[in-house]
Amino acid sequence: MDDFFKGKSKAKKVDTSRANDVASTVPWVEKYRPDSLNKVCSQSETVNVLRESIQSKNLPHLLFYGPPGTGKTSTILALARDMYGPELVKSRILELNASDERGIQVVREKVKNFAKTMVGNNANESHGASLPPYKIIILDEADSMTEDAQAALRRTMETYSKVTRFCLICNYVSRIIEPLASRCAKFRFKPLPKTEMRAKLTQIVDGEKVACTEEAIEALIKTSEGDMRKAITSLQSAYHLSTTGKITDATVRDMTGVIPSTVIDKLMDAIQKDSFGDIQSVVDDLIYDGYSAAQILQQIHSHVIQNPEFSSLQKSKMALVFGTTDFALSEGADEQLQILSMNIPTGANYHFFKEGVKPMWEDSANANGGRWLVEYPRRVEKDINEKWINTMLALIGESYQDSQNICGIVFSNRKTCYRFSMWTRSPDTSQGIKEIGETFLKYLNRDKSNEIESIPFNRHVASRGAKPLFEAKKQ
Amino acid sequence: MSLWVDKYRPTSLDQMTYHKDISSHLKNLSNSGDLPHLLFYGPSGAGKKTRITATLREIFGPGVEKIKIDQRQFQTPSNRKIDINTISSSYHIEINPSDVGIYDRVVIQDLIKEAAQTQQLSSKATRKFKVIVIHEADSLSKDAQHALRRTMEKYVNNLRVILCCNSTGKIIGPVQSRCLLVRIPAPSVQDIVDGLCGVVAKKEKITVPTELATHIAVTSKRNMRRAVLMLESSYVQQYPFTADQNSSIPLPDWEIAIIKIAKLALEDQSPQQLLKIRGLIYELLSHCIPAQTILKHLAFYWIKSVDNELKTEMAVCAATYEHRLQIGQKAIFHLEAYVAKFMSIYKRFLLDISSI
């Protein structure tokens, strides 16, 4: 008899351990998914509105949008549990995501049939308060639904609005057709703020009894960029990976595929020095090390944007290059070539202008004016400083006869050449302008190296390659 | 008798000769009882697949190696039947979705759900979950990747997904944030030399001079698979090895042909020359050399041989034409355009130089 019972109890034990086993293999992302609205951290505005609407039992159709890992799916699941209680939730909810067939056929049949069915409003005594008289259909990842399927939803949503609420979840609200979007209350999910992420991560770290340094949590927050799921997945993997059982920031950075900042610095150095050999060797190493081009691009971008060394004009030019490269990459162009050819314009412009005149064509002083232009190819001109100093000093020392017509001078440092341009006011008195040009040329040639015979003058508005208006010759 | 590459492929994580830290991480991971979804990425020939099989072996034991090839049939929404070959053991399934082109979404949806909804039955199984390995995940269409998203979360109790790809750039963010990213860098030159001299040479009982091994490692562009193949081919050609055998390591025919094209364009820039080159490119294309490979090899050869001042411009124009090649239809147009563009840039440069 005893044995019999013992045997039974043993069997029971095995069962529970098996259940524990299953529980332990559940990733933390699932384990710590909030099961009630109150536990949803961040997104307070959304949560408050939703809570109100539960109380008033009047839920609109919902449209959640925002970047991945901000809690869209979690929120709606938590809301459903709060409303229906854990038992009924399964029968009151239809969850469809991109892994299900969601063509127009499914919308017409499955969704419509589910939407049609009526539900009682006091079916469950145990839950206490009477239940809201409607079901919820969750269309997760709705931005990957075809437009036809979305269009098929339009009338369905309205017809059955008495007994069914829809909740659309997507990353990009622009992919949802306008008629659908206008039928829903839109909620934007923002990337999680640092404090909330830290709180949640600390909670998990305590709950799982993981040894984890402050810096490691800091690194997790930084690399995940407001994506809670990414942060938790990284935390758990770091926990499994770490041989010592302690998570440090080095482990985290190692794992998230972030390129070490020294490598990025090296690449930026090479780009700024404009030495192609260096760039090529750094890029080759990066590609052989398996870093993805998108990651390289992103890190260079954040490096540049935060760098006060570059002017805003330069930054915008770089942004253009980044945009082009990213576009090409997303269309499947070769990563190595793309990164190699990222011709980041690091060249600078130096503007030296009179007070009150802005170095822009649009400025009233420059609008009708023009410029004397001279270029020195880099392969012939080795030391440009002398020429710059000479021209500047001449300007400051009032060496120009017609100096009231001068607006300013620009020096541009370009990949293949150095360029000087002397900006003047409107060229109606050709004599004065010509004199300026001749004087300008005289000071440029003063150091007796790479002497120039003549320089052209054109209006700012003249098209590229137009014939010069005047020419100044060497005297 | 099999190729050395297959013969000496490591089968367990301990046999891996390089990236020891990654191996030990993977070992920890597979022994911890829980496994996150994994995403392996790195250049080709770095040992991604080898590591995946070794990891699976570490998790499930030698039973993983008893594999069978199945042909599975799937039905698309438009009632077309498609066949795909899967390699499976009782613990895992491997698929290569690029075989089915635009229907990969259907395959992913059906296959994963089917696998996920059946629990591990075998009593010998040490784990509660099955593993699905998806090779060439970067060629999965966006739709298919979206289909992976929620499935990966929903069936996490009895299913883990291992993705294998060259670059994470083409994997959508939501899938990336569900996986543990494992970067497999290409082996360094020293790693390859050690591999060639230490493992292959020892087991094959031959001697490989270090100079030769280094040379192979450099020409293989840090690709282990290619290095071993090259070693074998030079072994067949001449053994015992001599230290000065470097020059005789045979380049593949197509590479020689590409270099010939590159040289022609450097010699003379004229429409006649372009016509000549066009014939050669056609020949390469008709031998099934991918247009991307041709363009890339040309680009790097030219970048190497032109003046410093031109290099950046060369890279920019190579990148432009490569991009067009990707989205365009007919490869020959873009290749020819690229050659013509190169000629014009180069000619202009030469004229510039001579005028000074």
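Labels below follow one simple rule: chain letters A, B, ... track the order of the sequence lines, proteins then strands, and each chain is numbered from 1. The structure displayed is predicted, hence computed values, not measured ones.
- By the 4.5 Å heavy-atom criterion applied to side chains, L340(A) and F300(B) are counted as neighbours.
- Residue L325(B) does not touch chain A at all, counting heavy-atom pairs closer than 4.5 Å.
- Of the inter-residue distances, the one linking I184(B) atom CD1 with D289(A) atom CG reads 12.0 Å to the nearest 0.5 angstrom.
- Contacts between I112(B) and chain A at a heavy-atom distance below 4.5 Å are absent for every atom of the residue.
- Between chain A and the residues K27(B), R183(B), K221(B), R178(B), the largest count of heavy-atom pairs under 4.5 Å involves R183(B).
- Both the backbone and the side chain of E331(A) come within contact range of chain B, judged by heavy atoms closer than 4.5 Å.
- Minimum heavy-atom separation, H146(B) to E141(A): O-OE1, 3.5 Å.
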_Could you walk me through whether Q176(B) and K230(A) satisfy the side chain to side chain contact (heavy atoms under 4.5 Å, CB included) test, starting with their C-alpha distance in whole Å, then the side-chain angles of each, then the deciding distance to 0.1 Å, before giving a yes or no?_
CA-CA 8 Å; Q176(B) 276 189 50; K230(A) 197 169 172 190; 5.7 Å; no
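- Around NZ of K341(B), the count of heavy atoms belonging to other residues, nucleotides or ligands within 6.0 Å does not exceed 12.
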*Determine, step by step, whether L295(B) and L337(A) satisfy the side chain to side chain contact (heavy atoms under 4.5 Å, CB included) criterion, reporting the C-alpha distance in whole Å, the side-chain angles of both residues, the deciding distance to 0.1 Å, and the verdict.*
CA-CA 10 Å; L295(B) 195 142; L337(A) 279 178; 4.1 Å; yes
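- Of the inter-residue distances, the one linking D138(B) atom CG with S292(A) atom OG reads 11.0 Å to the nearest 0.5 angstrom.
- For the residue pair S167(B) and E335(A), the shortest heavy atom distance occurs at OG-OE2, 2.6 Å.
- Partners of Q295(A) under the side-chain hydrogen bond (donor to acceptor under 3.5 Å, both in side chains) rule, at least two apart in sequence or in another chain, are Q299(A).
- In terms of the salt bridge (charged side-chain N to carboxylate O under 4.0 Å, His left out) criterion, E225(A) has no residue partners (sequence neighbours excluded).
- Heavy atoms closer than 4.5 Å to chain A are found in both the backbone and the side chain of L29(B).
- When each of N171(A), L329(A), T324(A) is scored by its heavy-atom pairs under 4.5 Å with chain B, the top score falls to N171(A).
- In summary, D285(A) and R222(B) engage in a salt bridge, as defined by a charged side-chain N under 4.0 Å from a carboxylate O.
- In terms of non-hydrogen atom pairs under 4.5 Å with chain A, the most contact-rich of K170(B), K311(B), R324(B) is K311(B).
- Surrounding CD of Q75(B) are more than 12 heavy atoms belonging to other residues, nucleotides or ligands, all under 6.0 Å away.
- Between chain B and the residues D284(A), T233(A), V29(A), the most heavy-atom pairs under 4.5 angstrom are made by T233(A).
- Using a 4.5 Å heavy-atom threshold, the side chains of I287(A) and P43(B) count as separate.
- Checking side-chain atoms of E322(B) against main-chain N and O of D334(A) turns up a donor-acceptor pair under 3.5 Å.
- Counting heavy atoms from C-beta on, the side chains of T168(B) and Y291(A) never come closer than 4.5 Å.
- In this structure, the portion of C179(B) lying under 4.5 Å from any heavy atom of chain A is its backbone and not its side chain.
- Looking at A46(B), there are no atoms closer than 4.5 Å to chain A (heavy atoms on both sides), in backbone or side chain.
- Residue contact with chain B, scored on non-hydrogen atoms closer than 4.5 Å, is absent for T325(A).
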